[in-house]
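Data block below; observations after.
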Amino acid sequence: MGMKEQLNMKGQFHKIKLFPLLITTFVIFLFAIPYYINDYNDILSSSYDVNDNESTTTPLTNSPEQIMQNMSCPHYKIALFIFSEMEDLNQRMLMREELFGITDNIIPCMKQDTNVIYYKFFVRKLKKVNGKVLKLFTSEKMEYYHDIVEIDVEHSDDWHQTLLKYAQSLQEKCITFDHLILIDAFTMINLEKIQDKILSSKIENRLISNTRKMVWGSFDSNRTENMAVILGSSAIRPILENSNYKMNYTSLISSLYLYYYNNPNNIIPGDLIFINDPISIIEWPNSISSISCVDCIVAMGHIYQEWEIRKIIKEFNISTTLPCIARYDLKMYSNETVNKLRPNIAVITSSFLYKDNCMLEAAPLSAKNKREYAERHGYAFVARSTEYDQQYYRKRKPVWGKVDAVEKVLAYYEWLIWLDMDAFFANRSFSIEQLLEKCEKRAGGKKEFEKINFIVARPTGDNMINAGVFLIRNSDWARDFLRNGVQSRYDRANTGMREQQAMRDAIQLPNWKPNVLYLNRDDHTINTFPDRYIRGDFIVHYAPELGCPADPVLKGLSKLKMLEENPNANITLPF
């Protein structure tokens, strides 16, 4: 920064009348005990804002009863923003597992509904993307939609400023937090230890008057500045309001720290408390034996090998922080132990994009339709791709991944409704419970319906069931049906109608037929084809015999949006 700009800045901050300043200083002296430590690396502001209620911060807890969030205007102890590149998929999965105990999405966090943690992975948007990377990332977005945000970041040193703007936008939308942590995808943090230090108000051997105004990081070099920064919620606006201080190749936060370190007589905006702490926030020195104070560390950056991350987490005894109530009980579902912490119905679909990537645009939008439907009615939404990938080893066509996915996920819910990628909910006000009631009448009453474990339709004029949409109940019958009736048909691994034909053949056999609600020549109860759509139909399924269904699906979703905005709109067929 030039000398002229520094002089202008000094003038700006020194335009303060002496008498009000003395009064303010006297009041602060009476109501607070400021601690001044003349540390070479630190700048401490001692003012206290009575509007920042420090006492609202409470320890992290693992009791669901104590941490249930009020989602109408949620407030979290910590917001954690993790920035990464698109190709860092494995790193994001590792962090989900180690920081939040999320090893898969079988029981998804439909909403981050604890008052403990709110987290997001921020991924830089790219103009040119490798096809394989884009395919995998698109699948990841469909499966972990709740924790990924794509964002425009031109330069690596702009990450902090971009994430602070996002945090400020959350505050304006009534999503608030006590403290914000910014890290990159190769940093491991100890959330529990950070929270303990914040609660004690003692950081780097200093008593902090108001942690809501602190800016705590490792600012010795531009290699360490992006590893981890912990900020109080009241520090965000003053930093953004002084974005003109940002230097090239240095983050906004580090730029402000360096400016006020070099100009200690200037008044710091918002009474920010800068804390440079290269003892607690360090680079990984490639050996634990090289760390002089293991107990001091709250964050460690630049760890690039997965096995080392796992070893460090074990060595430092870093515990997971669960971000949603549904993840507090991962036991399989049973009628005897109905789980009230999570839904008993799941909407399940494919997130597997085939080699040609023809559904690259349509698949996420179709998944969004299903997810929003599930959120509306309190169901889980599960998108799966790994079961499709593994068909290579099973020597079967990828489409068989549907059966593997249903078999895996079913154990955790009472009912699953499966929709192919090219099917979506056209009547989103109609619930699965209403559908089951309708099917109960078709079965002949409640007693008869208790025997039903599989519901599927055969369209008019077709000799094949529509296996792109079906319901299945969690039961011994269903497990036997999937394992011995469908999975065993390796004669259909690569020929004929494959899994669809295996299902059709199985439901006609005496040991499974009595427990199937077979909606014969039914085009409207569960699903309909786009040329047979009647207003109010539940699900529209695009199942072209040839070609990619992407364009018809996109057009159908566009018509659905128009219909939801104007229920009286004229809809031309095909839907």
Side-chain angles (χ1 to χ4, degrees), residues 54 56-84 91-105 107-123 144-149 163-164 166-171 173-185 187-200 211-212 214 216 227-236 281 298-300 309 313 316-330 341-342:
E54 189 72 18
T56 60
T57 303
T58 54
L60 299 178
T61 174
N62 286 323
S63 169
E65 292 76 16
Q66 295 177 358
I67 64 174
M68 185 69 74
Q69 179 67 267
N70 175 9
M71 295 306 293
S72 61
C73 197
H75 180 83
Y76 301 87
K77 295 178 177 66
I78 289 176
L80 175 62
F81 290 177
I82 307 164
F83 45 96
S84 63
Q91 196 66 19
R92 288 189 289 272
M93 286 304 304
L94 178 63
M95 296 187 87
R96 286 187 185 102
E97 178 182 349
E98 297 297 346
L99 292 179
F100 313 116
I102 298 174
T103 55
D104 56 56
N105 69 331
I107 299 174
C109 284
M110 295 297 293
K111 50 190 175 183
Q112 296 184 22
D113 56 358
T114 75
N115 61 21
V116 179
I117 186 83
Y118 177 86
Y119 81 95
K120 294 287 182 184
F121 287 100
F122 290 83
V123 178
Y144 296 95
Y145 51 87
H146 69 282
D147 71 8
I148 291 181
V149 178
L163 300 191
L164 289 176
Y166 187 91
Q168 188 176 58
S169 72
L170 288 181
Q171 293 175 326
K173 294 174 184 175
C174 195
I175 299 175
T176 57
F177 42 83
D178 295 333
H179 298 91
L180 171 66
I181 303 176
L182 309 179
I183 65 174
D184 69 15
T187 296
M188 270 296 120
I189 61 170
N190 191 325
L191 290 170
E192 188 174 10
K193 187 174 285 189
I194 288 173
Q195 185 73 357
D196 287 344
K197 281 181 173 283
I198 290 173
L199 284 170
S200 70
T211 64
R212 298 289 184 86
M214 73 176 181
W216 173 19
M227 294 189 308
V229 179
I230 301 104
L231 306 99
S233 57
S234 299
I236 296 170
I281 301 170
V298 300
M300 188 183 298
I309 289 176
I313 285 170
F316 284 70
N317 195 29
I318 297 175
S319 59
T320 58
T321 302
L322 299 182
C324 66
I325 300 296
R327 299 290 300 182
Y328 271 79
D329 187 350
L330 304 181
L341 298 181
R342 64 174 194 256

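Listed by chain and residue number, Leu89, Arg96, Tyr144 satisfy the side-chain contact (heavy atoms from CB on, under 4.5 Å) test with Met93 (two or more places apart in sequence, or in another chain). A search for side-chain contact (heavy atoms from CB on, under 4.5 Å) contacts involving Ala185 returns Ile82, Ser84, Gln91, Met95, not counting sequence neighbours. Every residue two or more places apart in sequence or in another chain that forms a side-chain contact (heavy atoms from CB on, under 4.5 Å) with Leu341 is listed here: Ile325, Tyr328, Asp329, Asn339. Considering only residues two or more places apart in sequence or on other chains, Ser200 meets the side chain to side chain donor-acceptor pair (under 3.5 Å) condition with none of them. In this structure, the ring-ring contact (aromatic ring centres under 6.0 Å, His included) partners of Phe122, at least two apart in sequence or on a different chain, are Phe81, Tyr166. For Ile318, the side-chain contact (heavy atoms from CB on, under 4.5 Å) partners at least two apart in sequence or on another chain are Asn190, Ile313, Phe316.
At distances below 3.5 Å, not a single donor-acceptor pair connects side-chain atoms of Arg342 with backbone N or O atoms of Ile107. In this structure a side-chain-to-backbone donor-acceptor pair under 3.5 Å is missing from Thr176 to His75. Under the 3.5 Å distance criterion, the side-chain polar atoms of Tyr76 are matched with a main-chain donor or acceptor of Gln112.
Rounded to the nearest 0.5 angstrom, Cys109 SG and Lys111 NZ are separated by 11.5 Å. The structure places CG of Asp113 at 11.0 Å from CG of Asn70, a figure rounded to the nearest 0.5 Å. The OG atom of Ser233 lies 12.0 Å from the CD atom of Gln168; values are rounded to the nearest 0.5 Å. Taken to the nearest 0.5 Å, the CD1 atom of Ile230 stands 10.0 Å off from the NE2 atom of His179. Ile309 contributes atom CD1, which lies 11.0 Å from atom CD of Glu97 (distance to the nearest 0.5 angstrom).
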- request: Begin from the C-alpha positions of Ile281 and Trp216 and carry the test side-chain contact (heavy atoms from CB on, under 4.5 Å) through to its verdict.
  value: CA-CA 9 Å; Ile281 301 170; Trp216 173 19; 3.9 Å; yes
query: Where do Ile183 and Met188 land on the side-chain contact (heavy atoms from CB on, under 4.5 Å) test, with the steps shown first?
result: CA-CA 8 Å; Ile183 65 174; Met188 270 296 120; over 6 Å; no
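Taking every heavy atom of both residues into account, Ile189 and Ala299 meet most closely at CG2-CB, 3.7 Å. For Pro108 against Tyr145, the heavy-atom pair with the smallest separation is CB-OH, 4.3 Å. Residues Arg327 and Ile102 approach most closely at NH2-CA, 3.5 Å, considering heavy atoms. Summarising the geometry of Thr114 relative to Gln69, their closest heavy-atom pair is O-NE2, 3.1 Å, with the distance given to 0.1 Å. Minimum interatomic distance between Leu322 and Ile117 (heavy atoms only, all atoms of both residues): O-CG2, 3.9 Å. The two residues Ala167 and Leu180 make their nearest non-hydrogen contact at CB-CD2, 3.8 Å.
Annotation: side chain of Leu164 is in contact with side chain of Leu231 (closest heavy-atom distance under 4.5 Å). Between Glu192 and Thr321, every side-chain heavy-atom pair lies at or beyond the 4.5 Å cut-off. Here the side chains of Asp178 and Ile198 are not in contact, with every heavy-atom distance at 4.5 Å or above.
For the residue pair His146/Tyr119, the side-chain donor-acceptor check at 3.5 Å is satisfied.
No option in Ile78, Asp147, Leu170, Leu80 other than Leu170 meets the side-chain contact (heavy atoms from CB on, under 4.5 Å) test with Tyr118.
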